[in-house]
2 protein chains.
Amino acid sequence: MSSEPKKRVLIIEDDPEIRSSFAMIVDSSQKFTVVNSYGNCEDAIKHLHTDKPDIVLMDVELPGGMNGIQGTKIIKEKSPNSDIIMVTVYEDSEMVYEALKSGASGYITKSANYMELLTALEEITKGGAPMSSKIARMVIDNFHLNPNSPLTKRETEILQLIAEGKTYTQISEELFISKETSKTHIKNIYSKLQVRSKSEAIAKANQDKLI
Amino acid sequence: MSSEPKKRVLIIEDDPEIRSSFAMIVDSSQKFTVVNSYGNCEDAIKHLHTDKPDIVLMDVELPGGMNGIQGTKIIKEKSPNSDIIMVTVYEDSEMVYEALKSGASGYITKSANYMELLTALEEITKGGAPMSSKIARMVIDNFHLNPNSPLTKRETEILQLIAEGKTYTQISEELFISKETSKTHIKNIYSKLQVRSKSEAIAKANQDKLI
DNA sequence: CCAATATCACCTAATTAGAGTCATTTTTCG
DNA sequence: CGAAAAATGACTCTAATTAGGTGATATTGG
(Lines give C-alpha, C1' and ligand atoms only; values in the text may rest on other atoms or scores of the structure.)
Protein backbone atom coordinates (compact mmCIF):
# COMPACT_ATOMS: atom_id res chain seq x y z
CA MET A 1 0.00 0.00 0.00
CA SER A 2 2.83 2.36 0.81
CA SER A 3 4.35 1.60 -2.59
CA GLU A 4 1.62 3.52 -4.39
CA PRO A 5 3.13 6.84 -5.47
CA LYS A 6 1.13 9.89 -4.45
CA LYS A 7 -0.91 11.52 -7.19
CA ARG A 8 0.50 14.90 -8.14
CA VAL A 9 -2.03 17.70 -7.78
CA LEU A 10 -1.62 21.16 -9.30
CA ILE A 11 -3.72 24.06 -8.07
CA ILE A 12 -4.55 27.09 -10.22
CA GLU A 13 -6.57 29.61 -8.24
CA ASP A 14 -6.12 33.33 -7.77
CA ASP A 15 -7.56 33.64 -4.26
CA PRO A 16 -4.61 32.90 -1.91
CA GLU A 17 -6.92 31.79 0.88
CA ILE A 18 -8.75 29.22 -1.18
CA ARG A 19 -5.44 28.18 -2.70
CA SER A 20 -3.80 27.41 0.62
CA SER A 21 -6.97 25.93 2.02
CA PHE A 22 -7.22 23.50 -0.90
CA ALA A 23 -3.49 22.79 -0.70
CA MET A 24 -3.77 21.86 2.96
CA ILE A 25 -6.64 19.52 2.34
CA VAL A 26 -4.90 17.81 -0.57
CA ASP A 27 -1.63 17.43 1.33
CA SER A 28 -3.43 16.01 4.34
CA SER A 29 -4.21 12.92 2.30
CA GLN A 30 -1.87 9.96 2.01
CA LYS A 31 -2.78 9.55 -1.62
CA PHE A 32 -2.25 13.04 -2.95
CA THR A 33 0.39 15.73 -2.87
CA VAL A 34 0.37 19.31 -4.12
CA VAL A 35 3.21 19.72 -6.62
CA ASN A 36 2.64 23.43 -7.06
CA SER A 37 0.01 26.16 -6.99
CA TYR A 38 -0.32 29.27 -9.13
CA GLY A 39 -2.48 32.35 -9.25
CA ASN A 40 -2.86 32.28 -13.04
CA CYS A 41 -2.74 29.90 -15.98
CA GLU A 42 0.24 31.43 -17.74
CA ASP A 43 2.62 30.61 -14.89
CA ALA A 44 1.19 27.14 -14.49
CA ILE A 45 1.63 26.37 -18.18
CA LYS A 46 5.27 27.49 -18.06
CA HIS A 47 6.08 24.86 -15.45
CA LEU A 48 3.82 22.10 -16.70
CA HIS A 49 6.69 19.91 -17.89
CA THR A 50 8.35 19.96 -14.49
CA ASP A 51 5.20 19.89 -12.37
CA LYS A 52 3.83 16.88 -14.32
CA PRO A 53 0.44 16.95 -12.57
CA ASP A 54 -1.85 13.93 -12.52
CA ILE A 55 -4.72 16.18 -11.51
CA VAL A 56 -5.26 19.92 -11.97
CA LEU A 57 -7.68 21.88 -9.81
CA MET A 58 -8.56 24.76 -12.09
CA ASP A 59 -10.40 27.93 -11.13
CA VAL A 60 -12.69 29.11 -13.92
CA GLU A 61 -12.61 32.81 -13.13
CA LEU A 62 -9.01 33.86 -13.35
CA PRO A 63 -7.31 37.25 -13.59
CA GLY A 64 -5.04 38.17 -16.46
CA GLY A 65 -5.35 37.20 -20.07
CA MET A 66 -6.40 33.60 -19.75
CA ASN A 67 -9.44 32.17 -17.99
CA GLY A 68 -9.77 28.59 -16.76
CA ILE A 69 -11.50 27.39 -19.90
CA GLN A 70 -8.77 28.61 -22.24
CA GLY A 71 -6.18 27.34 -19.80
CA THR A 72 -7.77 23.91 -19.73
CA LYS A 73 -7.54 23.69 -23.53
CA ILE A 74 -3.83 24.47 -23.49
CA ILE A 75 -3.01 22.17 -20.60
CA LYS A 76 -4.88 19.36 -22.34
CA GLU A 77 -2.80 19.97 -25.48
CA LYS A 78 0.49 19.95 -23.61
CA SER A 79 -0.39 17.30 -21.05
CA PRO A 80 -3.25 15.11 -22.27
CA ASN A 81 -2.96 12.67 -19.40
CA SER A 82 -3.56 15.26 -16.71
CA ASP A 83 -7.14 15.14 -15.46
CA ILE A 84 -8.63 18.55 -14.89
CA ILE A 85 -11.25 19.35 -12.28
CA MET A 86 -12.99 22.69 -12.71
CA VAL A 87 -13.54 24.70 -9.56
CA THR A 88 -16.10 27.49 -9.65
CA VAL A 89 -18.74 29.42 -7.75
CA TYR A 90 -21.16 29.32 -10.69
CA GLU A 91 -23.24 26.47 -12.04
CA ASP A 92 -24.37 28.27 -15.17
CA SER A 93 -25.14 25.72 -17.87
CA GLU A 94 -23.27 27.37 -20.72
CA MET A 95 -20.16 27.69 -18.60
CA VAL A 96 -20.37 24.07 -17.55
CA TYR A 97 -20.65 22.92 -21.16
CA GLU A 98 -17.78 25.13 -22.26
CA ALA A 99 -15.63 23.86 -19.41
CA LEU A 100 -16.35 20.25 -20.26
CA LYS A 101 -15.75 20.82 -23.97
CA SER A 102 -12.41 22.41 -23.20
CA GLY A 103 -11.32 19.18 -21.52
CA ALA A 104 -12.36 19.20 -17.88
CA SER A 105 -13.31 15.82 -16.42
CA GLY A 106 -14.92 17.07 -13.24
CA TYR A 107 -16.74 20.09 -11.93
CA ILE A 108 -16.96 21.09 -8.27
CA THR A 109 -17.87 24.28 -6.46
CA LYS A 110 -15.58 26.45 -4.38
CA SER A 111 -17.73 25.74 -1.38
CA ALA A 112 -16.42 22.18 -1.49
CA ASN A 113 -15.39 21.04 1.94
CA TYR A 114 -12.69 18.64 3.05
CA MET A 115 -14.62 15.49 2.20
CA GLU A 116 -16.03 16.73 -1.09
CA LEU A 117 -12.65 17.74 -2.40
CA LEU A 118 -10.93 14.50 -1.45
CA THR A 119 -13.86 12.48 -2.79
CA ALA A 120 -13.54 14.32 -6.10
CA LEU A 121 -9.84 13.51 -6.26
CA GLU A 122 -10.55 9.87 -5.46
CA GLU A 123 -13.31 9.75 -8.05
CA ILE A 124 -11.19 11.12 -10.84
CA THR A 125 -8.29 8.84 -9.91
CA LYS A 126 -10.62 5.88 -10.31
CA GLY A 127 -11.55 7.06 -13.80
CA GLY A 128 -14.80 8.70 -12.79
CA ALA A 129 -16.11 12.21 -13.30
CA PRO A 130 -16.78 14.06 -10.05
CA MET A 131 -19.66 16.51 -10.21
CA SER A 132 -22.66 17.58 -8.19
CA SER A 133 -26.13 16.10 -8.71
CA LYS A 134 -27.19 19.33 -10.32
CA ILE A 135 -24.34 19.34 -12.81
CA ALA A 136 -24.87 15.67 -13.59
CA ARG A 137 -28.49 16.37 -14.38
CA MET A 138 -27.60 19.36 -16.55
CA VAL A 139 -25.20 17.21 -18.51
CA ILE A 140 -27.75 14.43 -18.94
CA ASP A 141 -30.50 16.85 -19.90
CA ASN A 142 -28.19 18.15 -22.60
CA PHE A 143 -28.47 14.74 -24.27
CA HIS A 144 -32.24 14.53 -24.27
CA LEU A 145 -33.97 14.74 -27.62
CA ASN A 146 -37.14 16.77 -27.98
CA PRO A 147 -40.05 14.32 -27.70
CA ASN A 148 -42.33 16.81 -29.44
CA SER A 149 -40.51 17.17 -32.72
CA PRO A 150 -42.67 18.65 -35.50
CA LEU A 151 -41.00 16.27 -37.96
CA THR A 152 -42.28 12.89 -39.06
CA LYS A 153 -40.18 9.72 -38.76
CA ARG A 154 -39.16 9.91 -42.39
CA GLU A 155 -38.30 13.57 -42.17
CA THR A 156 -36.20 12.96 -39.08
CA GLU A 157 -34.45 10.14 -40.90
CA ILE A 158 -33.66 12.46 -43.79
CA LEU A 159 -32.56 15.24 -41.49
CA GLN A 160 -30.14 12.79 -39.93
CA LEU A 161 -28.65 12.03 -43.33
CA ILE A 162 -28.39 15.75 -44.06
CA ALA A 163 -26.52 16.14 -40.78
CA GLU A 164 -24.16 13.40 -41.94
CA GLY A 165 -23.29 15.57 -44.91
CA LYS A 166 -25.19 13.60 -47.54
CA THR A 167 -26.35 15.20 -50.79
CA TYR A 168 -29.84 14.88 -52.28
CA THR A 169 -28.56 12.16 -54.58
CA GLN A 170 -26.90 10.20 -51.79
CA ILE A 171 -29.99 10.44 -49.61
CA SER A 172 -32.24 9.19 -52.39
CA GLU A 173 -29.85 6.32 -53.09
CA GLU A 174 -29.58 5.38 -49.45
CA LEU A 175 -33.33 5.41 -48.86
CA PHE A 176 -34.27 3.94 -52.25
CA ILE A 177 -36.41 6.90 -53.20
CA SER A 178 -36.16 9.32 -56.11
CA LYS A 179 -34.13 12.48 -55.87
CA GLU A 180 -37.32 14.47 -56.24
CA THR A 181 -38.81 12.80 -53.19
CA SER A 182 -35.77 13.70 -51.12
CA LYS A 183 -36.18 17.26 -52.26
CA THR A 184 -39.85 17.29 -51.32
CA HIS A 185 -39.12 15.94 -47.84
CA ILE A 186 -36.35 18.47 -47.37
CA LYS A 187 -38.61 21.27 -48.49
CA ASN A 188 -41.17 20.18 -45.92
CA ILE A 189 -38.47 20.00 -43.25
CA TYR A 190 -37.32 23.53 -44.12
CA SER A 191 -40.86 24.80 -43.93
CA LYS A 192 -41.48 23.17 -40.54
CA LEU A 193 -38.20 24.37 -39.09
CA GLN A 194 -38.43 27.73 -40.80
CA VAL A 195 -34.99 27.50 -42.36
CA ARG A 196 -33.71 27.82 -45.89
CA SER A 197 -30.59 25.69 -46.12
CA LYS A 198 -29.08 22.41 -45.01
CA SER A 199 -26.68 24.03 -42.59
CA GLU A 200 -29.44 26.06 -41.02
CA ALA A 201 -31.54 22.92 -40.72
CA ILE A 202 -28.68 21.14 -38.96
CA ALA A 203 -28.17 24.10 -36.63
CA LYS A 204 -31.87 24.20 -35.81
CA ALA A 205 -31.94 20.43 -35.33
CA ASN A 206 -29.14 20.62 -32.80
CA GLN A 207 -30.62 23.64 -31.06
CA ASP A 208 -34.02 22.03 -30.72
CA LYS A 209 -32.56 18.56 -30.13
CA LEU A 210 -34.41 16.99 -33.04
CA ILE A 211 -31.64 14.55 -33.94
CA MET B 1 -42.60 13.83 7.42
CA SER B 2 -45.38 11.28 7.14
CA SER B 3 -47.30 13.75 4.96
CA GLU B 4 -44.87 13.27 2.08
CA PRO B 5 -46.63 11.06 -0.48
CA LYS B 6 -44.63 8.07 -1.64
CA LYS B 7 -43.04 8.36 -5.05
CA ARG B 8 -44.72 6.04 -7.54
CA VAL B 9 -42.27 3.64 -9.17
CA LEU B 10 -43.02 1.64 -12.31
CA ILE B 11 -40.90 -1.38 -13.24
CA ILE B 12 -40.50 -2.60 -16.81
CA GLU B 13 -38.32 -5.72 -16.88
CA ASP B 14 -38.87 -9.07 -18.56
CA ASP B 15 -37.00 -11.25 -16.07
CA PRO B 16 -39.59 -12.09 -13.35
CA GLU B 17 -36.87 -12.67 -10.75
CA ILE B 18 -35.23 -9.29 -11.21
CA ARG B 19 -38.65 -7.73 -11.42
CA SER B 20 -39.81 -9.03 -8.08
CA SER B 21 -36.43 -8.48 -6.50
CA PHE B 22 -36.46 -4.82 -7.54
CA ALA B 23 -40.10 -4.50 -6.49
CA MET B 24 -39.31 -5.80 -3.02
CA ILE B 25 -36.44 -3.40 -2.58
CA VAL B 26 -38.48 -0.41 -3.75
CA ASP B 27 -41.45 -1.30 -1.55
CA SER B 28 -39.21 -1.76 1.45
CA SER B 29 -38.59 1.97 1.44
CA GLN B 30 -40.84 4.47 3.19
CA LYS B 31 -40.38 6.92 0.34
CA PHE B 32 -41.23 4.77 -2.64
CA THR B 33 -43.92 2.39 -3.74
CA VAL B 34 -44.23 0.15 -6.79
CA VAL B 35 -47.38 1.10 -8.68
CA ASN B 36 -47.03 -1.68 -11.21
CA SER B 37 -44.55 -3.86 -13.05
CA TYR B 38 -44.62 -5.20 -16.59
CA GLY B 39 -42.62 -7.58 -18.73
CA ASN B 40 -42.77 -5.36 -21.81
CA CYS B 41 -43.16 -1.73 -22.85
CA GLU B 42 -46.42 -2.12 -24.75
CA ASP B 43 -48.37 -3.16 -21.65
CA ALA B 44 -46.75 -0.47 -19.55
CA ILE B 45 -47.66 2.24 -22.06
CA LYS B 46 -51.29 1.09 -22.11
CA HIS B 47 -51.63 1.75 -18.40
CA LEU B 48 -49.44 4.84 -18.15
CA HIS B 49 -52.35 7.19 -17.50
CA THR B 50 -53.54 5.15 -14.54
CA ASP B 51 -50.13 4.13 -13.20
CA LYS B 52 -48.91 7.77 -13.23
CA PRO B 53 -45.33 6.85 -12.32
CA ASP B 54 -42.93 9.42 -10.89
CA ILE B 55 -40.04 7.11 -11.71
CA VAL B 56 -39.72 4.31 -14.27
CA LEU B 57 -37.12 1.58 -13.93
CA MET B 58 -36.67 0.52 -17.54
CA ASP B 59 -34.86 -2.54 -18.80
CA VAL B 60 -33.00 -1.84 -22.05
CA GLU B 61 -33.13 -5.33 -23.49
CA LEU B 62 -36.77 -6.23 -23.77
CA PRO B 63 -38.63 -8.95 -25.68
CA GLY B 64 -41.33 -8.17 -28.21
CA GLY B 65 -41.46 -5.30 -30.65
CA MET B 66 -40.21 -2.49 -28.48
CA ASN B 67 -36.91 -2.18 -26.65
CA GLY B 68 -36.26 0.08 -23.68
CA ILE B 69 -34.91 2.92 -25.78
CA GLN B 70 -37.97 3.12 -28.01
CA GLY B 71 -40.17 2.68 -24.95
CA THR B 72 -38.45 5.53 -23.17
CA LYS B 73 -39.17 7.85 -26.09
CA ILE B 74 -42.87 7.03 -26.02
CA ILE B 75 -43.20 7.26 -22.25
CA LYS B 76 -41.46 10.64 -22.31
CA GLU B 77 -43.96 11.83 -24.94
CA LYS B 78 -46.96 10.66 -22.98
CA SER B 79 -45.66 11.42 -19.50
CA PRO B 80 -42.89 14.04 -19.65
CA ASN B 81 -42.70 14.39 -15.87
CA SER B 82 -41.84 10.77 -15.25
CA ASP B 83 -38.12 10.30 -14.65
CA ILE B 84 -36.72 7.24 -16.31
CA ILE B 85 -33.81 5.20 -15.00
CA MET B 86 -32.29 2.77 -17.46
CA VAL B 87 -31.40 -0.65 -16.10
CA THR B 88 -29.01 -2.80 -18.10
CA VAL B 89 -26.21 -5.32 -18.02
CA TYR B 90 -24.21 -3.47 -20.67
CA GLU B 91 -22.20 -0.27 -20.43
CA ASP B 92 -21.61 0.08 -24.16
CA SER B 93 -21.08 3.73 -25.00
CA GLU B 94 -23.38 3.91 -28.01
CA MET B 95 -26.19 2.31 -26.06
CA VAL B 96 -25.69 4.72 -23.18
CA TYR B 97 -25.85 7.72 -25.50
CA GLU B 98 -28.93 6.39 -27.26
CA ALA B 99 -30.63 5.73 -23.92
CA LEU B 100 -29.88 9.21 -22.68
CA LYS B 101 -31.00 10.83 -25.93
CA SER B 102 -34.26 8.93 -25.76
CA GLY B 103 -34.97 10.58 -22.42
CA ALA B 104 -33.45 8.53 -19.61
CA SER B 105 -32.16 10.53 -16.64
CA GLY B 106 -30.20 7.77 -14.98
CA TYR B 107 -28.34 4.62 -15.86
CA ILE B 108 -27.69 1.75 -13.48
CA THR B 109 -26.68 -1.86 -13.94
CA LYS B 110 -28.75 -4.93 -13.16
CA SER B 111 -26.22 -5.96 -10.60
CA ALA B 112 -27.36 -3.01 -8.50
CA ASN B 113 -27.90 -4.06 -4.93
CA TYR B 114 -30.32 -2.83 -2.30
CA MET B 115 -28.40 0.33 -1.48
CA GLU B 116 -27.46 1.23 -5.04
CA LEU B 117 -31.03 1.00 -6.23
CA LEU B 118 -32.47 3.07 -3.39
CA THR B 119 -29.67 5.61 -3.74
CA ALA B 120 -30.49 5.96 -7.42
CA LEU B 121 -34.16 6.56 -6.61
CA GLU B 122 -33.19 9.15 -3.99
CA GLU B 123 -30.79 10.82 -6.40
CA ILE B 124 -33.32 11.19 -9.16
CA THR B 125 -35.98 12.42 -6.74
CA LYS B 126 -33.60 15.18 -5.69
CA GLY B 127 -33.19 16.20 -9.32
CA GLY B 128 -29.90 14.43 -9.87
CA ALA B 129 -28.82 11.88 -12.43
CA PRO B 130 -27.79 8.54 -10.93
CA MET B 131 -25.06 6.75 -12.83
CA SER B 132 -21.86 4.83 -12.21
CA SER B 133 -18.44 6.51 -12.28
CA LYS B 134 -17.74 4.80 -15.55
CA ILE B 135 -20.90 6.09 -17.21
CA ALA B 136 -20.32 9.58 -15.84
CA ARG B 137 -16.88 9.60 -17.38
CA MET B 138 -18.18 8.32 -20.70
CA VAL B 139 -20.73 11.10 -20.75
CA ILE B 140 -18.15 13.76 -19.90
CA ASP B 141 -15.67 12.41 -22.42
CA ASN B 142 -18.36 12.77 -25.03
CA PHE B 143 -18.17 16.53 -24.50
CA HIS B 144 -14.44 16.88 -24.91
CA LEU B 145 -13.18 18.71 -27.97
CA ASN B 146 -10.19 17.40 -29.88
CA PRO B 147 -7.16 19.36 -28.62
CA ASN B 148 -5.26 18.43 -31.80
CA SER B 149 -7.51 19.98 -34.39
CA PRO B 150 -5.83 20.49 -37.78
CA LEU B 151 -7.67 23.79 -38.12
CA THR B 152 -6.37 27.21 -37.17
CA LYS B 153 -8.23 29.48 -34.76
CA ARG B 154 -9.74 31.48 -37.59
CA GLU B 155 -10.76 28.37 -39.48
CA THR B 156 -12.39 26.97 -36.37
CA GLU B 157 -14.21 30.26 -35.90
CA ILE B 158 -15.52 30.09 -39.46
CA LEU B 159 -16.44 26.44 -39.11
CA GLN B 160 -18.50 27.39 -36.07
CA LEU B 161 -20.40 29.97 -38.10
CA ILE B 162 -20.97 27.41 -40.84
CA ALA B 163 -22.38 25.08 -38.20
CA GLU B 164 -24.73 27.88 -37.16
CA GLY B 165 -26.12 27.87 -40.67
CA LYS B 166 -24.50 31.06 -41.88
CA THR B 167 -23.85 31.75 -45.58
CA TYR B 168 -20.60 33.04 -47.08
CA THR B 169 -22.02 36.53 -47.07
CA GLN B 170 -23.19 36.39 -43.46
CA ILE B 171 -19.84 35.03 -42.33
CA SER B 172 -17.90 37.75 -44.10
CA GLU B 173 -20.20 40.40 -42.64
CA GLU B 174 -19.93 38.99 -39.15
CA LEU B 175 -16.15 38.75 -39.23
CA PHE B 176 -15.62 41.98 -41.19
CA ILE B 177 -13.76 40.22 -43.98
CA SER B 178 -14.50 39.99 -47.68
CA LYS B 179 -16.59 37.21 -49.14
CA GLU B 180 -13.52 36.04 -51.02
CA THR B 181 -11.63 35.58 -47.80
CA SER B 182 -14.44 33.50 -46.34
CA LYS B 183 -14.30 31.36 -49.45
CA THR B 184 -10.55 30.94 -49.15
CA HIS B 185 -10.84 29.87 -45.53
CA ILE B 186 -13.66 27.48 -46.30
CA LYS B 187 -11.70 25.99 -49.18
CA ASN B 188 -8.81 25.41 -46.80
CA ILE B 189 -11.14 23.87 -44.23
CA TYR B 190 -12.58 21.53 -46.86
CA SER B 191 -9.14 20.51 -47.94
CA LYS B 192 -7.96 19.83 -44.39
CA LEU B 193 -11.08 17.89 -43.44
CA GLN B 194 -11.28 16.20 -46.83
CA VAL B 195 -14.89 17.18 -47.39
CA ARG B 196 -16.68 18.95 -50.21
CA SER B 197 -19.65 20.72 -48.69
CA LYS B 198 -20.78 22.67 -45.65
CA SER B 199 -22.90 19.84 -44.31
CA GLU B 200 -20.05 17.38 -44.67
CA ALA B 201 -17.77 19.81 -42.89
CA ILE B 202 -20.25 20.08 -40.02
CA ALA B 203 -20.58 16.31 -39.84
CA LYS B 204 -16.82 15.88 -39.79
CA ALA B 205 -16.49 18.63 -37.18
CA ASN B 206 -18.94 16.86 -34.89
CA GLN B 207 -17.38 13.47 -35.50
CA ASP B 208 -13.89 14.67 -34.75
CA LYS B 209 -15.08 17.06 -32.02
CA LEU B 210 -13.56 20.11 -33.67
CA ILE B 211 -16.29 22.50 -32.55
C1' DC C 1 13.99 36.39 -39.46
C1' DC C 2 11.08 32.63 -41.37
C1' DA C 3 6.98 29.95 -41.60
C1' DA C 4 2.41 29.96 -40.88
C1' DT C 5 -1.68 32.47 -40.90
C1' DA C 6 -4.92 35.70 -42.51
C1' DT C 7 -6.29 38.68 -45.77
C1' DC C 8 -8.02 39.85 -50.69
C1' DA C 9 -8.91 39.30 -55.84
C1' DC C 10 -10.16 37.27 -60.27
C1' DC C 11 -11.19 33.37 -63.35
C1' DT C 12 -14.14 29.31 -65.57
C1' DA C 13 -17.16 25.59 -65.17
C1' DA C 14 -19.95 22.19 -63.11
C1' DT C 15 -22.89 20.75 -59.60
C1' DT C 16 -25.96 21.31 -55.94
C1' DA C 17 -29.45 23.45 -53.69
C1' DG C 18 -33.70 26.05 -53.18
C1' DA C 19 -38.66 27.70 -54.35
C1' DG C 20 -42.91 26.93 -56.40
C1' DT C 21 -46.78 23.93 -57.80
C1' DC C 22 -49.09 19.67 -58.39
C1' DA C 23 -50.38 14.63 -58.26
C1' DT C 24 -50.52 9.79 -56.64
C1' DT C 25 -50.22 6.13 -53.42
C1' DT C 26 -49.79 4.27 -48.63
C1' DT C 27 -50.38 4.48 -43.79
C1' DT C 28 -52.40 5.66 -39.81
C1' DC C 29 -55.77 6.53 -36.64
C1' DG C 30 -60.29 7.58 -34.81
C1' DC D 1 -64.47 2.34 -43.12
C1' DG D 2 -63.10 7.06 -44.26
C1' DA D 3 -60.50 11.21 -43.61
C1' DA D 4 -56.10 12.97 -42.59
C1' DA D 5 -51.39 12.54 -42.56
C1' DA D 6 -47.38 10.83 -44.60
C1' DA D 7 -44.60 9.32 -48.32
C1' DT D 8 -43.71 9.28 -52.93
C1' DG D 9 -42.75 11.47 -57.52
C1' DA D 10 -42.27 15.08 -61.39
C1' DC D 11 -41.55 19.65 -63.64
C1' DT D 12 -39.43 24.36 -64.04
C1' DC D 13 -36.46 28.07 -62.92
C1' DT D 14 -33.17 30.69 -60.25
C1' DA D 15 -29.72 31.17 -56.77
C1' DA D 16 -25.86 29.46 -54.33
C1' DT D 17 -22.10 26.56 -53.72
C1' DT D 18 -18.21 23.97 -55.06
C1' DA D 19 -13.89 22.78 -57.92
C1' DG D 20 -10.06 24.08 -59.85
C1' DG D 21 -6.82 27.42 -60.48
C1' DT D 22 -3.23 31.64 -59.69
C1' DG D 23 -1.20 35.27 -57.24
C1' DA D 24 -0.41 38.87 -53.80
C1' DT D 25 0.17 41.38 -49.27
C1' DA D 26 0.10 41.96 -44.19
C1' DT D 27 0.55 40.12 -39.78
C1' DT D 28 2.04 37.06 -36.26
C1' DG D 29 4.46 33.67 -33.54
C1' DG D 30 8.34 31.08 -32.40
Quiz item: Contact class for A:S197 vs. all strands (heavy atom < 4.0 Å): base, sugar-phosphate, or nothing?
Solution: sugar-phosphate
Quiz prompt | Nearest-angstrom distance from the residue atom CD of B:E180 to P of D:dG21 | solution = 17 Å
Quiz item: What is the nucleic acid contact for A:K183, judged by heavy atoms within less than 4.0 Å: base, sugar-phosphate only, or nothing?
Solution: base
Self-check item: D:dG20 and C:dC10, which share atom name P, separated by this distance in whole Å
Solution: 22 Å
Self-check item: Closest nucleotide among C:dG18, D:dT8, C:dA6 to the A:R154 side chain
Solution: D:dT8
Self-check item: Heavy atoms from other residues, nucleotides or ligands near NZ of A:K6 exceed 12 (cutoff 6.0 Å)
Solution: yes
Quiz item: Which heavy atom of B:S199 sits nearest a heavy atom of A:I162, and at what distance?
Solution: CB-O, 3.7 Å
Quiz item: Taking the side chain of B:T152 as its heavy atoms from C-beta onward, which of C:dA17, D:dA10, C:dT5 lies nearest to it?
Solution: C:dT5
Quiz item: Would you call B:K209 and B:D141 a salt bridge, using N to O less than 4.0 angstrom?
Solution: no
Quiz prompt | A:H185 side-chain proximity, nearest of C:dA19, D:dA7, D:dT18 | solution = D:dA7
Self-check item: Nearest-nucleotide comparison on DNA chain D, the residue closer to the 5′ end among A:T181 and B:I186
Solution: A:T181
Quiz prompt | Minimum-distance nucleotide to A:K153 side chain [options: C:dA9, D:dA10, D:dA7] | solution = D:dA7
Quiz item: Looking at the side chain of B:T167, which of C:dG18, D:dT18, D:dT17 is the nearest nucleotide?
Solution: D:dT17
Quiz item: To the side chain of B:Y168, which of D:dG9, C:dA17, D:dT17 is closest?
Solution: D:dT17
Quiz item: Is the backbone of A:D83 close enough, under 3.5 Å, to the side chain of A:S105 for a donor and an acceptor to pair up by distance?
Solution: no
Quiz item: Taking the side chain of B:R196 as its heavy atoms from C-beta onward, which of C:dA19, D:dT18, C:dA6 lies nearest to it?
Solution: D:dT18
Quiz item: Is a side-chain N or O of A:R8 found less than 3.5 angstrom from the main chain of A:V34, in a donor-acceptor match?
Solution: no
Practice problem: Identify which nucleotide among D:dC11, D:dT8, C:dA17 has an atom closest to any side-chain atom of A:T184, counting heavy atoms from C-beta outward. | Solution: D:dT8
Quiz item: Nearest-Å distance, NZ (B:K187) to C1' (C:dC8)?
Solution: 11 Å
Practice problem: Among D:dA19, C:dC10, C:dG18, find the nucleotide with the atom closest to the side chain of B:Y190. | Solution: D:dA19
Quiz item: How long is the line joining CD of B:E173 and P of C:dT7, in whole Å?
Solution: 16 Å
